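Just the heavy atoms: all of them, side chains too, but no hydrogens, waters or symmetry mates, feed the values below. Note that this is a predicted model, so its numbers are computed, not measured. A, B, ... follow the sequence lines: proteins, then strands. Residue 1 opens every chain.
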Amino acid sequence: MRKNNLRHFQLISIGICLLAGTTLSAQNDLLAELEDETKDETQYTFATFKGTRVVNLQSPEIPGKGVLQYSILHRFGSFDNEFFYNFLGLDNAQIKMGLDYSPTNWLNVGWGHSSFQKVYDGYVKYRLVRQSTGAKTFPFTITGFSALYYKSQKFTDNLPHDDTERLSYVHELVIARKFGKKFSAEIVPAFTHFNVVETKDNNNDIIAIGGALRYKLSHMIAVTAEYIYQVNPNDYTHFNGNVETYANAFSVGCDLETGGHVFQLFLTNSRGVTEPYTIAETPGRWLDNDIHFGFNISRVFTLQKPKVPKEG
Amino acid sequence: MKKIFLTALTLSAFWAQAQQFATRSGEVTFFSKAAVENIEAINNQVSSVLDLEKNQFAFLVPIKAFVFEKALMQEHFNENYMESGEFPTAKFSGSMEGIENVDLTKDGKYEVVFAGTMTLHGVSKSISENATILVENGKVKLMTKFNIKPADYKVEIPNSKQKNIASTIEVSVKMNYEKK
């Protein structure tokens, strides 16, 4: 009998607790309930960098699905003794024009031509994973970039050449993170391969590690800095006869955004406008005043409008 | 005794939620009409609950789920204006006036006033908006249109963009609720 009473008492207490719980949850704010239901939804980070490039390095960004991007890249002549003779570096400017298109939100394909060594290039850029919080949490956005370059400049040595000698390749793996509203950083392991190099002592494969930072001053202006360290840089013969080692490219710049345009203005020691030449064949050094003013301009056109998932 | 308790528990739980209607796929669109361009965005991942018994409501709008005509507009909306990394949702909750007239047993159209607190871009304001509630075969739908001013919620539009973005934005809401 006593045992039975105790059991009843236990049951009643449990019942009261449960009832109290039900009533409490019903009294809870509906909004808190909704927030609780949705709090685990994955939030993806966006706009880690403004443009699809920082300066010479790729950024993790890919234009949205159905977007065509037209870009013009310029590197003016250096601030050397001939700077004014070359009309503020304009006379010996290098230019690259490019078009790229995103058939999906994670893939971008592009084509371009650069006046530096008359290089044609084609590339694919693909986002592997996005920085996110919530149900799926990941600390970085990782984007791959693989490009093929064809140097079309005529050979002048009157020796027989094969077309494959003109090819080079660059692969970049952009590992980026947005820290808060203003600051973003990326680390970019890069692999460059030249089918043919100048001497047999030179490396065909150059390993490099790039790093870039971005800090937003306002919604429309940001400052950027970028450095590409070569693990095994090649030597080259300077026109003064000295054998020198190719420099690491360092750039500082600023991003300006106005609607559909992004203007990137910067100073860099790199003269080449395409990746193999900026990463592995930059002769100029900042300390020798071999600094070039340059800009990247891009404009986007929406060819295919984003579709809204239908309610269902 | 145990059985009675369990039955009572189940019943009470059922009863407490009996008059709740909810959706996770409500639609909110907005329209901005300005000199240079019109901007429209649609979001159909809006969560909402109506509690007809307690006369309470709540809406939760994930800002990043607004889809625009151009991907870049969506980026600017999130990054420059709504700052959705910091303020990922807009919220509206409060109580309803005129909900007692709603008869779930027969089809009809009712005007109800939703009064409460709107939180947008981290700024909370008391607002009160009229909405139409439709009852169809025991199902509840809600429709309304109202205006909001970005400036009221400290969403800054720079001078250079005032020809692109209206100072008053029209918001349309369509909810198809399911009984919870």
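Heavy-atom distances place both the backbone and the side chain of E37(A) under 4.5 Å from chain B. Contact annotation for E35(A): both backbone and side-chain heavy atoms come within less than 4.5 Å of a heavy atom of chain B. Interface remark: K64(B) contributes side-chain atoms only to the contact with chain A (heavy atom separation under 4.5 Å). Residue F68(B) touches chain A through its backbone alone, counting heavy-atom pairs closer than 4.5 Å. For S47(B), the parts lying near chain A are the backbone and the side chain together; criterion is any non-hydrogen pair under 4.5 Å. For L72(B), the part lying under 4.5 angstrom from a heavy atom of chain A is the side chain only. For E79(B), the parts lying under 4.5 angstrom from a heavy atom of chain A are both the backbone and the side chain. K65(A) does not touch chain B: none of its heavy atoms, backbone or side chain, sits under 4.5 Å away.
Remark: Q162(B) CD is packed, more than 12 non-hydrogen atoms of other residues, nucleotides or ligands lying under 6.0 Å away.
Between F146(B) and F92(B), the distance from one ring center to the other does not fall under 6.0 angstrom. A distance below 6.0 Å separates the ring centres of F145(A) and Y123(A).
With N296(A) as reference, R75(A) is the one residue of K96(A), R75(A), H74(A) to meet the side chain to side chain donor-acceptor pair (under 3.5 Å) rule.
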